[in-house]
Amino acid sequence: MQKLIKNLGFWILVAMVAGVVTGIVMGERAALFVPLGTLFIQLIKMLVVPLVAISIISGAATLGGSRSAGRIGLVSIGFIFLTTVVSIVLAIVAGLIFEPGAGLSAESVGAIMANVSTAEAAKPEMSFWGIVIGMIPANPIQAFAEGNILQIIVFGLFLGFGIAALSAEKREPVIKGLNYLLEALVWCIGKVMLIAPIGVFGLMAEATGTFGFDVLLKVANLLWVDLLAVAVMGLVVYPLLLATLSRVKVTDFFRAMVRPQVIAFSTASSMATLPVTMGACAKLGISRQTAGFVVPLGATINMTGNAIYYTLVALFFAQFYGIELSMAHYVAITVTASLGSIGQAGVPGPTLMVVAVLVAAGIPIEGLPLLYALDRIFDMIRTVLNITGDAACAAVTDRFANEA
C-alpha cells in the first residue's frame, strides 16, 4: 500500500477517474478546472525546447564520435536509422488504415474545433520543398525563441556533429556538460510531473464535460493500434532482418530474449535492462566487443517503439481534431519522430518528445494528458520493442563487423 501511495502513475490514474466523474456530473461547468490543466501544459511547453535541443546535440555528438568505431559504428547506426524509418512508415500505415482518433460525433468535433482555432492558424501550409527548406534556420536564436522544433533539430545535429569533430580532450568535457544539463532537465521534469495529477484532473474534467465520455474511449483505440504496430515490427520486421542479415537463428534469438523482454516490460527502462540484454547477446554468440558497443548505443538512440508511439499519437490527435495532414506534415512527423526518438533517453516516464512531434506538424497538444493515465502501459510496450531492436542490431552488426 505504501508503494502504491508513492506511485505517481497511481495518482495520475486516480486523477483521471476523478476528472471523468467530475466532467460527467458537472458537464460544461467543469470548464472552471481548465486553469489547472493549462498550468501543467505551460510547464511542459517550457521544458520542450531545451530538452529537444540538448538531447539532439548530445545524441549527435555521440553519434559523430562513434565513427571512430569503424565498421561497427557504421553498420549499427545504419541499422538504427533504417529500422526507425521503417517503424514510422509502419505506424503511419496503421494509423491511416485503422484511424484510432476518427469517428467522433459532429457535436464533439464542433466543440473541439473551438480549441483548435489558434493552432490551425499556426499550422504549416507548405509544399514538400517548402518544409525541407524551412527546416534550416536562418537564425537559430529565432528558432529557439519561436519554438520551431524542426529547425532546432537541424541546428542541433549540425552543432552535435561539430562537437564530435573536436579532439577527444576538447570533445569529452562538452559532452559531459551536455549530459549534466540533461540531468538537470530530468530533475525539472520530475518536479513538473509531481503536479501531473492536478493537471490531468483539470483537463480530464473539462474534456469529459465538454466533449463527452466517448472521447476517452478513443484512447483504447490508440492502445490496440500501437500494440499491433509494435507486434508487426517485433515479430515480422526484426525476424526478417535477422534471418537475412545475421547469423543468429530467429528461434534462438527470441528464446534468449525472453528474460530481457520481461525485465524491460516490468521496468519500462532500456538502461535498466542493459546488462541482461548484453547477457542475452553473449548467449547468442555475439562478440563482446560488438555487444559492448552496440547495445549501450542502442539503449540510448535505438527507439523504434518510441518512434511508433510518437507517430501514432500525431495521427491520433490529427484525426481527433479533424485536421487534414498534407505530405509536408507527414515529412515533418517522420523527421521529428526519427530524430526525436534518437534523442529520447532510455529511462521510464512520460515522454515529452511526443510534444515536439505534435508541434512540428501543427497539431494541438492540449489533449495530450488524455494519454497520461495509460502512459506506463505504452512505455512498457515500447521498451520491449526497443531492447529487442538493440539485440537485433547487435546480431546484424556482429556479422558485418567480422567479415573481411
Where is the tightest heavy-atom contact between [X] and [Y], given as atom of each residue plus distance?
X	Y	value
Thr290	Ala394	CG2-O, 3.7 Å
Ala395	Leu242	CB-CD2, 3.7 Å
Ala168	Pro173	O-CD, 4.3 Å
Phe33	Ala205	CD1-CB, 4.1 Å
Arg399	Arg247	CA-NH1, 3.7 Å
Phe40	Gly199	CB-CA, 3.8 Å

Close side-chain approach of [X] and [Y], heavy atoms under 4.5 Å:
X	Y	value
Tyr330	Val89	no
Tyr309	Ile381	no
Val14	Pro197	no
Met233	Val86	yes
Leu228	Phe98	yes
Tyr310	Val313	no
Ile333	Leu315	yes
Met257	Ile387	yes

Residues His329, Ile323; criterion side-chain contact (heavy atoms from CB on, under 4.5 Å); working and verdict
CA-CA 11 Å; His329 299 125; Ile323 298 174; over 6 Å; no
Under the criterion side-chain hydrogen bond (donor to acceptor under 3.5 Å, both in side chains), which of Asn302, Thr304, Thr277 is the partner of Asp390?
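That would be Asn302; it is the only one of Asn302, Thr304, Thr277 passing the side-chain hydrogen bond (donor to acceptor under 3.5 Å, both in side chains) with Asp390.
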From [atom1] ([X]) to [atom2] ([Y]), nearest 0.5 Å:
X	Y	atom1	atom2	value
Leu312	Leu227	CG	CG	10.5 Å
Phe316	Leu358	CZ	CG	11.0 Å
Ile54	Leu181	CD1	CG	4.5 Å
Leu178	Lys176	CG	NZ	12.5 Å
Asp379	Phe265	CG	CZ	10.5 Å

Apply side-chain contact (heavy atoms from CB on, under 4.5 Å) to Ile198 and Phe201, showing your working.
CA-CA 5 Å; Ile198 299 174; Phe201 168 79; 5.8 Å; no
Answer yes or no: are there more than 12 heavy-atom neighbours, outside Phe158 itself, under 6.0 Å from its atom CZ?
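12 or below, so no.
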Sequence neighbours excluded, which residues qualify as side chain to side chain contact (heavy atoms under 4.5 Å, CB included) partners of Leu245?
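Partners of Leu245 by the side chain to side chain contact (heavy atoms under 4.5 Å, CB included) criterion, ordered by chain and then number, come out as Leu241, Val396, Phe400.
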[X] side-chain N/O to [Y] backbone N/O, donor-acceptor pair under 3.5 Å:
X	Y	value
Asn179	Ile175	yes
Gln319	Gly95	yes
Arg171	Ala164	yes
Asn386	Arg382	yes

Go through the steps to decide whether Ile92 and Thr334 satisfy the test side-chain contact (heavy atoms from CB on, under 4.5 Å), and finish with yes or no.
CA-CA 9 Å; Ile92 290 175; Thr334 301; 3.8 Å; yes
For Ile152 and Phe144, what are the C-alpha separation, side-chain angles and deciding distance, and is it a side-chain contact (heavy atoms from CB on, under 4.5 Å)?
CA-CA 7 Å; Ile152 291 171; Phe144 278 88; 4.2 Å; yes
For the residue pair Tyr238 and Phe79, categorise the inter-ring angle as parallel (less than 30°), tilted (30 to 60°) or perpendicular (more than 60°).
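Plane angle under 30°, so parallel.
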